[in-house]
Amino acid sequence: MGTIGSVQSGGTMGIRPRFLVVMGVSGTGKTTIATGLATRLGWHFQEGDALHPQSNVDKMSSGQPLTDEDRKPWLELCHDWLSREVKAGHGAVLTCSALKRIYREQLRRDLPVEFIHIRVARDTLTDRMARRQGHFMPASLLPSQLSTFEEPGDDEPVIHVCGEDPPDVVLEKLLQHFRDEENQKELHAAVS
Ligand SMILES: Nc1ncnc2c1ncn2[C@@H]1O[C@H](COP(=O)(O)OP(=O)(O)OP(=O)(O)O)[C@@H](O)[C@H]1O
Ligand SMILES: O=C(O)[C@H](O)[C@@H](O)[C@H](O)[C@H](O)CO
(Lines give C-alpha, C1' and ligand atoms only; values in the text may rest on other atoms or scores of the structure.)
(Ligands and ions follow the chains in the order given, each with its own letter.)
Protein backbone atom coordinates (compact mmCIF):
# COMPACT_ATOMS: atom_id res chain seq x y z
CA MET A 1 0.00 0.00 0.00
CA GLY A 2 1.47 3.37 -0.99
CA THR A 3 1.70 6.39 1.24
CA ILE A 4 1.22 10.05 0.39
CA GLY A 5 4.99 10.47 0.34
CA SER A 6 5.61 7.62 -2.10
CA VAL A 7 3.37 7.94 -5.10
CA GLN A 8 3.32 4.65 -6.98
CA SER A 9 3.55 4.40 -10.74
CA GLY A 10 0.18 5.31 -12.23
CA GLY A 11 -0.17 7.73 -9.33
CA THR A 12 -3.02 5.89 -7.61
CA MET A 13 -1.17 5.34 -4.30
CA GLY A 14 -2.74 1.90 -4.11
CA ILE A 15 -6.22 3.41 -4.07
CA ARG A 16 -8.78 1.56 -6.20
CA PRO A 17 -10.57 3.54 -8.94
CA ARG A 18 -13.48 5.57 -7.60
CA PHE A 19 -16.01 7.77 -9.38
CA LEU A 20 -16.30 10.94 -7.38
CA VAL A 21 -18.49 14.01 -7.57
CA VAL A 22 -17.04 16.88 -5.55
CA MET A 23 -20.14 18.80 -4.51
CA GLY A 24 -21.28 21.84 -2.57
CA VAL A 25 -22.49 25.37 -3.12
CA SER A 26 -20.55 27.91 -5.12
CA GLY A 27 -17.16 28.81 -3.65
CA THR A 28 -16.72 25.74 -1.44
CA GLY A 29 -13.56 24.77 -3.32
CA LYS A 30 -14.91 22.05 -5.60
CA THR A 31 -12.53 22.85 -8.47
CA THR A 32 -9.55 23.28 -6.17
CA ILE A 33 -10.10 19.96 -4.38
CA ALA A 34 -11.23 17.96 -7.42
CA THR A 35 -8.23 18.98 -9.53
CA GLY A 36 -5.93 18.22 -6.59
CA LEU A 37 -7.41 14.75 -6.18
CA ALA A 38 -7.31 14.00 -9.90
CA THR A 39 -3.68 15.14 -10.14
CA ARG A 40 -2.50 13.21 -7.10
CA LEU A 41 -4.33 10.03 -8.09
CA GLY A 42 -3.75 10.26 -11.85
CA TRP A 43 -7.53 10.10 -12.43
CA HIS A 44 -9.61 11.85 -15.08
CA PHE A 45 -11.10 15.24 -14.23
CA GLN A 46 -14.12 17.08 -15.57
CA GLU A 47 -15.18 20.59 -14.55
CA GLY A 48 -18.96 20.39 -14.23
CA ASP A 49 -19.35 24.10 -14.93
CA ALA A 50 -17.91 23.47 -18.41
CA LEU A 51 -20.88 21.20 -19.20
CA HIS A 52 -23.50 23.89 -18.53
CA PRO A 53 -25.38 25.00 -21.67
CA GLN A 54 -24.43 28.58 -22.54
CA SER A 55 -27.97 29.66 -21.58
CA ASN A 56 -27.34 28.51 -17.99
CA VAL A 57 -24.03 30.37 -17.82
CA ASP A 58 -25.69 33.50 -19.21
CA LYS A 59 -28.49 33.21 -16.66
CA MET A 60 -26.13 32.84 -13.69
CA SER A 61 -23.85 35.61 -15.01
CA SER A 62 -26.84 37.95 -15.04
CA GLY A 63 -27.54 37.14 -11.38
CA GLN A 64 -30.48 34.76 -11.82
CA PRO A 65 -30.50 31.38 -10.08
CA LEU A 66 -31.07 28.25 -12.16
CA THR A 67 -34.31 26.28 -11.88
CA ASP A 68 -34.78 22.50 -11.76
CA GLU A 69 -35.62 22.64 -15.47
CA ASP A 70 -32.43 24.56 -16.27
CA ARG A 71 -30.33 22.06 -14.36
CA LYS A 72 -31.90 18.89 -15.80
CA PRO A 73 -30.06 18.73 -19.17
CA TRP A 74 -26.81 19.79 -17.51
CA LEU A 75 -27.08 17.04 -14.91
CA GLU A 76 -27.74 14.57 -17.71
CA LEU A 77 -24.49 15.62 -19.40
CA CYS A 78 -22.71 15.18 -16.06
CA HIS A 79 -24.28 11.71 -15.76
CA ASP A 80 -23.18 10.85 -19.32
CA TRP A 81 -19.60 11.79 -18.45
CA LEU A 82 -19.66 9.70 -15.27
CA SER A 83 -21.18 6.81 -17.17
CA ARG A 84 -18.36 6.84 -19.73
CA GLU A 85 -15.78 7.00 -16.95
CA VAL A 86 -17.31 4.05 -15.09
CA LYS A 87 -17.19 2.03 -18.33
CA ALA A 88 -13.54 3.00 -18.80
CA GLY A 89 -12.92 1.93 -15.19
CA HIS A 90 -10.09 4.34 -14.64
CA GLY A 91 -11.09 6.50 -11.67
CA ALA A 92 -12.59 9.94 -12.21
CA VAL A 93 -13.49 13.19 -10.49
CA LEU A 94 -16.26 15.60 -11.51
CA THR A 95 -17.18 18.93 -9.96
CA CYS A 96 -20.90 19.54 -9.66
CA SER A 97 -22.84 21.56 -7.10
CA ALA A 98 -25.41 18.68 -6.83
CA LEU A 99 -27.46 20.87 -4.54
CA LYS A 100 -30.59 18.71 -4.20
CA ARG A 101 -31.15 15.06 -3.41
CA ILE A 102 -32.99 14.57 -6.73
CA TYR A 103 -29.98 15.98 -8.58
CA ARG A 104 -27.68 13.54 -6.77
CA GLU A 105 -30.03 10.71 -7.62
CA GLN A 106 -29.91 11.73 -11.27
CA LEU A 107 -26.10 11.86 -11.18
CA ARG A 108 -25.61 8.40 -9.66
CA ARG A 109 -28.43 6.62 -11.49
CA ASP A 110 -27.19 3.03 -12.15
CA LEU A 111 -23.61 4.10 -11.37
CA PRO A 112 -21.24 3.46 -8.43
CA VAL A 113 -20.80 7.20 -7.90
CA GLU A 114 -19.78 8.70 -4.56
CA PHE A 115 -20.02 12.31 -3.43
CA ILE A 116 -17.50 14.39 -1.57
CA HIS A 117 -19.32 17.18 0.20
CA ILE A 118 -17.12 20.11 1.14
CA ARG A 119 -18.53 22.00 4.12
CA VAL A 120 -17.66 25.68 4.38
CA ALA A 121 -19.20 28.35 6.63
CA ARG A 122 -21.30 31.04 5.01
CA ASP A 123 -18.93 33.86 6.01
CA THR A 124 -15.98 32.06 4.44
CA LEU A 125 -17.93 31.52 1.23
CA THR A 126 -18.94 35.18 1.08
CA ASP A 127 -15.32 36.18 1.51
CA ARG A 128 -14.02 33.72 -1.09
CA MET A 129 -16.59 34.71 -3.70
CA ALA A 130 -15.98 38.40 -3.15
CA ARG A 131 -12.23 37.91 -3.68
CA ARG A 132 -12.44 35.53 -6.63
CA GLN A 133 -11.94 37.11 -10.04
CA GLY A 134 -12.69 35.98 -13.58
CA HIS A 135 -15.56 33.62 -12.71
CA PHE A 136 -19.06 33.93 -14.16
CA MET A 137 -20.80 33.23 -10.84
CA PRO A 138 -21.66 36.46 -8.99
CA ALA A 139 -21.40 36.52 -5.19
CA SER A 140 -25.02 37.75 -5.15
CA LEU A 141 -26.16 34.19 -6.00
CA LEU A 142 -24.71 32.71 -2.82
CA PRO A 143 -27.95 33.10 -0.76
CA SER A 144 -29.95 31.19 -3.39
CA GLN A 145 -27.26 28.48 -3.55
CA LEU A 146 -27.48 28.09 0.25
CA SER A 147 -31.27 28.06 0.38
CA THR A 148 -31.51 25.51 -2.46
CA PHE A 149 -28.92 23.21 -0.90
CA GLU A 150 -30.21 20.01 0.67
CA GLU A 151 -27.75 18.39 3.08
CA PRO A 152 -26.97 14.83 1.91
CA GLY A 153 -28.63 12.19 4.07
CA ASP A 154 -26.97 9.25 5.81
CA ASP A 155 -28.49 6.98 3.17
CA GLU A 156 -26.56 8.75 0.40
CA PRO A 157 -23.01 7.68 -0.62
CA VAL A 158 -21.26 10.77 0.68
CA ILE A 159 -18.00 11.64 2.38
CA HIS A 160 -18.12 14.95 4.29
CA VAL A 161 -14.98 17.01 4.61
CA CYS A 162 -14.33 20.37 6.24
CA GLY A 163 -13.30 22.85 3.53
CA GLU A 164 -12.08 25.54 5.92
CA ASP A 165 -8.60 24.04 6.08
CA PRO A 166 -5.99 24.85 3.40
CA PRO A 167 -6.44 22.75 0.22
CA ASP A 168 -3.41 20.51 0.96
CA VAL A 169 -4.86 19.60 4.35
CA VAL A 170 -8.30 18.85 2.86
CA LEU A 171 -6.67 16.68 0.18
CA GLU A 172 -4.54 14.77 2.66
CA LYS A 173 -7.62 14.04 4.81
CA LEU A 174 -9.46 12.65 1.80
CA LEU A 175 -6.51 10.53 0.67
CA GLN A 176 -6.11 9.20 4.20
CA HIS A 177 -9.81 8.32 4.25
CA PHE A 178 -9.41 6.37 0.99
CA ARG A 179 -6.28 4.60 2.25
CA ASP A 180 -8.03 3.68 5.52
CA GLU A 181 -10.87 2.14 3.53
CA GLU A 182 -8.43 0.14 1.41
CA ASN A 183 -6.68 -1.10 4.57
CA GLN A 184 -10.00 -2.11 6.13
CA LYS A 185 -10.85 -4.10 3.00
CA GLU A 186 -7.48 -5.88 3.01
CA LEU A 187 -7.91 -6.71 6.70
CA HIS A 188 -11.40 -8.03 6.06
CA ALA A 189 -10.19 -10.14 3.12
CA ALA A 190 -7.34 -11.54 5.25
CA VAL A 191 -9.62 -12.73 8.07
CA SER A 192 -12.49 -14.04 5.95
N1 LIG B 1 -9.49 25.20 1.15
C2 LIG B 1 -9.41 26.45 0.70
N3 LIG B 1 -8.89 27.41 1.45
C4 LIG B 1 -8.81 28.68 1.02
N5 LIG B 1 -9.25 29.10 -0.20
C6 LIG B 1 -9.78 28.18 -0.99
C7 LIG B 1 -9.89 26.81 -0.60
N8 LIG B 1 -10.48 26.13 -1.61
C9 LIG B 1 -10.72 27.03 -2.58
N10 LIG B 1 -10.30 28.25 -2.22
C11 LIG B 1 -10.42 29.48 -3.00
O12 LIG B 1 -11.81 29.83 -2.99
C13 LIG B 1 -12.25 30.23 -4.27
C14 LIG B 1 -13.32 29.25 -4.76
O15 LIG B 1 -12.70 28.00 -4.99
P16 LIG B 1 -13.17 27.09 -6.20
O17 LIG B 1 -13.26 27.87 -7.47
O18 LIG B 1 -12.31 25.87 -6.18
O19 LIG B 1 -14.65 26.73 -5.69
P20 LIG B 1 -15.85 26.06 -6.47
O21 LIG B 1 -16.66 25.36 -5.45
O22 LIG B 1 -15.35 25.26 -7.62
O23 LIG B 1 -16.64 27.31 -6.99
P24 LIG B 1 -17.76 27.41 -8.11
O25 LIG B 1 -18.77 26.36 -7.84
O26 LIG B 1 -18.32 28.77 -7.90
O27 LIG B 1 -17.07 27.23 -9.42
C28 LIG B 1 -11.02 30.25 -5.17
O29 LIG B 1 -10.52 31.55 -5.19
C30 LIG B 1 -10.04 29.30 -4.47
O31 LIG B 1 -8.71 29.63 -4.70
O1 LIG C 1 -26.50 24.32 -9.68
C2 LIG C 1 -26.12 25.48 -9.82
O3 LIG C 1 -26.71 26.47 -9.40
C4 LIG C 1 -24.81 25.72 -10.53
O5 LIG C 1 -24.16 24.53 -10.81
C6 LIG C 1 -23.90 26.55 -9.71
O7 LIG C 1 -23.64 25.89 -8.50
C8 LIG C 1 -22.66 26.93 -10.48
O9 LIG C 1 -22.47 26.17 -11.64
C10 LIG C 1 -21.37 26.83 -9.76
O11 LIG C 1 -21.45 26.88 -8.39
C12 LIG C 1 -20.43 27.85 -10.34
O13 LIG C 1 -20.14 28.85 -9.51
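Note that ligands are numbered from 1 as they come in the structure, with each ligand's atoms numbered from 1 the same way. Count residues from 1 along the sequence.
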Looking only at protein heavy atoms, which one is nearest to [atom], and how far off is it?
atom                    : answer
atom 10 (C) of ligand 2 : D49 OD1, 3.5 Å
atom 3 (N) of ligand 1  : R128 NH2, 3.3 Å
atom 5 (O) of ligand 2  : S97 OG, 2.9 Å
atom 26 (O) of ligand 1 : S26 OG, 2.6 Å
atom 19 (O) of ligand 1 : G29 N, 3.1 Å
atom 31 (O) of ligand 1 : T32 OG1, 4.3 Å
atom 1 (N) of ligand 1  : D165 O, 2.8 Å
atom 7 (O) of ligand 2  : Q145 OE1, 3.0 Å

Answer with yes or no whether [X] contacts ligand 1, where contact means a heavy atom under 4.0 Å from a ligand atom.
X    : result
V22  : no
E164 : no
T28  : yes

Hey, does the side chain of [X] reach the backbone of [Y] with a donor-acceptor pair shorter than 3.5 angstrom?
X    : Y    : answer
H90  : G42  : yes
K30  : G24  : yes
E156 : R101 : no
R108 : V113 : no
N56  : D70  : yes
T95  : V22  : no

* Under 4.5 Å between any side-chain heavy atoms of K59 and T67, yes or no? -> yes
* Between E85 and W43, is any pair of side-chain heavy atoms under 4.5 Å apart? ->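 Side chain of E85 against side chain of W43, heavy atoms only: no contact under 4.5 Å found.
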* Asked: Looking only at distance, does W74 have an N or O less than 3.5 Å from an N or O of ligand 2?
  -> no
* Out of K30, M23, H135, R132, indicate the one that has the non-hydrogen atom closest to atom 28 (C) of ligand 1. =>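 Heavy atom nearest to atom 28 (C) of ligand 1 belongs to R132.
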* Asked: So with a 6.0 Å cut-off around NZ of K72, is the heavy-atom count from everything else above 12?
  ->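 For K72, atom NZ is not crowded (no more than 12 foreign heavy atoms under 6.0 Å).
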Which of the atoms of ligand 2 are close to [X], meaning less than 4.0 Å from one of its heavy atoms?
X   : answer
H52 : 4 (C), 5 (O), 9 (O)
M60 : 4 (C), 6 (C), 8 (C), 9 (O)
R71 : 1 (O), 2 (C), 3 (O)

* Atoms of ligand 1 less than 4.0 Å from D49 heavy atoms? ->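 Counting atoms of ligand 1 from 1, those under 4.0 Å from D49 are 27 (O).
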* To do: For G163, take its heavy atoms, then give the atoms of ligand 1 lying under 4.0 Å from any of them.
  => 1 (N)
* Any N/O of G27 closer than 3.5 Å to an N/O of ligand 1? -> yes
* Got a second to check how far D49's CG is from H135's NE2, nearest 0.5 Å? ->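 If I round to the nearest 0.5 Å, the distance is 5.0 Å.
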* Asked: Taking 4.0 angstrom as the limit, do R40 and E172 come out as a salt bridge?
  -> no
* Is there a donor-acceptor contact under 3.5 Å linking the side chains of S97 and Q145? -> no
